[in-house]
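Each remark here refers to the structure printed beneath this line.
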Amino acid sequence: MAGETLTRMDLAEAVHREVGLSRNESAELVEGVLRMISDALVGGESVKISSFGTFSTREKSARIGRNPKTGEEVPIHPRRVLTFRSSHLMKERVAAGNRR
Amino acid sequence: MIRSELIQKIAEENPHLYQRDVEKIVNTIFEEITKAMAEGHRVELRGFGAFSVKKRDQRVGRNPRTGHAVEVEEKHVPFFKTGKLLRDRLNGK
């Protein structure tokens, strides 16, 4: 499998190509979309993008962890984690595209 | 928040853009991410998170109804790992 990595720049380039906005403005819009999604999640909302997937947050309670190297016990504080559940369509496309 | 609400918010922030262009922008971003993963690539969005493809090995599964063993082929699944900045923000840091 080719290990190519895309970044914000590639997404901005796609917006520039598809919509015809300047590269600069395209980059700002990519940033704006990521910020909107982040803000909604931080505010406790989940973000559901049809045919892409759903971002949602979950509360994890405190537990005792262990440093795997030293075996030392360390408290893990309660925290909020983000999970992404991909849509069936995305799962199908990723499975089909990577099939040998 | 759903896709149409996201489009609405971006449109409000960018009153100089046509609504249909905002739709195209938002759709292009998600399409580009999906397409990259379908090609086996990674999409790394610093501060937000990274989308990648994980390989699930071939295994022997079971039909939950009949209990028969069935061969499940190797497959690839999408995966998202939250970025450090967003993880910290979710926890009020």
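So you know, we letter chains A, B, ... as the sequences are listed, proteins then strands, and number each from 1. Fair warning: this is a prediction, and the values are worked out from it, not measured in the lab.
Ring planes of A:Phe52 and B:Phe30: tilted class, angle from 30 to 60°.
Taking CZ from B:Phe80 and CZ from A:Arg85, the interatomic distance works out to 15.5 Å, rounded to the nearest 0.5 Å. A:Glu92 CD to B:Lys75 NZ: the interatomic distance, rounded to the nearest 0.5 Å, is 11.0 Å. For the atom pair CD of A:Glu31 and CG of B:Leu45, the computed distance is 9.0 Å after rounding to the nearest 0.5 Å.
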- Evaluation steps, side-chain contact (heavy atoms from CB on, under 4.5 Å), between B:Ile10 and A:Leu29: CA-CA 8 Å; B:Ile10 299 289; A:Leu29 280 149; 3.7 Å; yes
- Message: Please evaluate residues B:Glu44 and A:Leu6 with respect to the criterion side-chain contact (heavy atoms from CB on, under 4.5 Å), reporting the C-alpha separation (whole Å), side-chain torsions for both, the decisive distance (0.1 Å), and the verdict.
- Response: CA-CA 6 Å; B:Glu44 202 174 298; A:Leu6 278 78; over 6 Å; no
- Derivation of the salt bridge (Lys or Arg N to Asp or Glu O under 4.0 Å) call for B:Glu31 and A:Arg93: CA-CA 11 Å; B:Glu31 173 56 27; A:Arg93 285 182 64 186; 3.0 Å; yes
- Item | B:Glu32 vs A:Arg17, salt bridge (Lys or Arg N to Asp or Glu O under 4.0 Å): CA-CA, chis, key distance, verdict | CA-CA 12 Å; B:Glu32 205 64 17; A:Arg17 192 180 60 228; 3.8 Å; yes
- Task: Dump the intermediate steps for side-chain contact (heavy atoms from CB on, under 4.5 Å) on B:Ile2 and A:Val47, then the final yes or no.
- Result: CA-CA 6 Å; B:Ile2 60 173; A:Val47 179; over 6 Å; no
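Looking at B:Asn14, the atoms closer than 4.5 Å to chain A (heavy atoms on both sides) all sit in the side chain, from C-beta outward. Heavy-atom distances place both the backbone and the side chain of A:Ala95 under 4.5 Å from chain B. Proximity to chain A (any heavy atom under 4.5 Å) is restricted, for B:Asn91, to the side chain, taken from C-beta onward. Proximity to chain B is limited to the side chain of A:Thr57, based on heavy atoms less than 4.5 angstrom apart. With a 4.5 angstrom heavy-atom cutoff, B:Glu74 touches chain A only via side-chain atoms. Contact annotation for A:Glu25: only side-chain heavy atoms (C-beta onward) come within less than 4.5 Å of a heavy atom of chain B. For chain B, the nearby parts of A:Glu18 are the backbone and the side chain; heavy atoms of each come within less than 4.5 Å. With a threshold of 4.5 angstrom between heavy atoms, B:Phe79 does not approach chain A through any atom at all. Of the two parts of B:Val43, the backbone and the side chain both hold a non-hydrogen atom closer than 4.5 Å to a non-hydrogen atom of chain A. Both the backbone and the side chain of B:Ile29 have a heavy atom closer than 4.5 Å to some heavy atom of chain A. Looking at B:Ile7, neither its backbone nor its side chain comes within 4.5 Å of chain A, counting heavy atoms on both sides.
Put simply, of A:Val94, A:Thr54, A:Leu89, the one with the most heavy-atom pairs under 4.5 Å next to chain B is A:Val94. Put simply, of B:Leu17, B:Asn27, B:Val26, the one with the most heavy-atom pairs under 4.5 Å next to chain A is B:Leu17. For chain B, the option among A:Gly20, A:Ser46, A:Gly32 with the highest count of heavy-atom pairs below 4.5 Å is A:Ser46. Most heavy-atom pairs under 4.5 Å with chain B: of the set A:Val15, A:Leu82, A:Ile37, A:Val33, this distinction falls to A:Leu82.
Note on A:Ile49: it does not cluster hydrophobically with B:Val77, by side-chain heavy-atom contacts below 4.5 Å among ILVMFWY residues.
Remark: side-chain polar atoms of B:Arg3 are paired, donor with acceptor, to backbone N or O of A:Ser50 under 3.5 angstrom. Distance alone, capped at 3.5 Å, places no donor-acceptor pair between the A:Glu4 side chain and the B:His41 backbone. Not one N or O on the side chain of A:Asn98 forms a donor-acceptor pair closer than 3.5 Å with the backbone of B:His76.
Contacts from residues 81-89 of chain B to chain A, taken as heavy-atom pairs separated by less than 4.5 Å, involve B:Thr82, B:Leu86, B:Arg89 in sequence order.
A:Val81 has its side chain out of reach of B:Leu90: every pair of non-hydrogen atoms, C-beta onward, lies at least 4.5 Å apart. Side-chain contact between B:Met1 and A:Lys48: absent, with no pair of heavy atoms (C-beta onward) separated by less than 4.5 Å.
Counting non-hydrogen atoms of neighbouring residues, nucleotides and ligands closer than 6.0 angstrom, the NZ atom of A:Lys91 exceeds 12 such neighbours. Atom CG of A:Asn67 has more than 12 heavy atoms from other residues, nucleotides or ligands within 6.0 Å.
Evaluation of the salt bridge (charged side-chain N to carboxylate O under 4.0 Å, His left out) test over residues 56-68 of chain B, restricted to residues two or more places apart or in two chains, returns B:Lys55-B:Asp57.
A salt bridge links B:Glu13 to A:Arg35: at least one charged side-chain nitrogen sits closer than 4.0 Å to a carboxylate oxygen.
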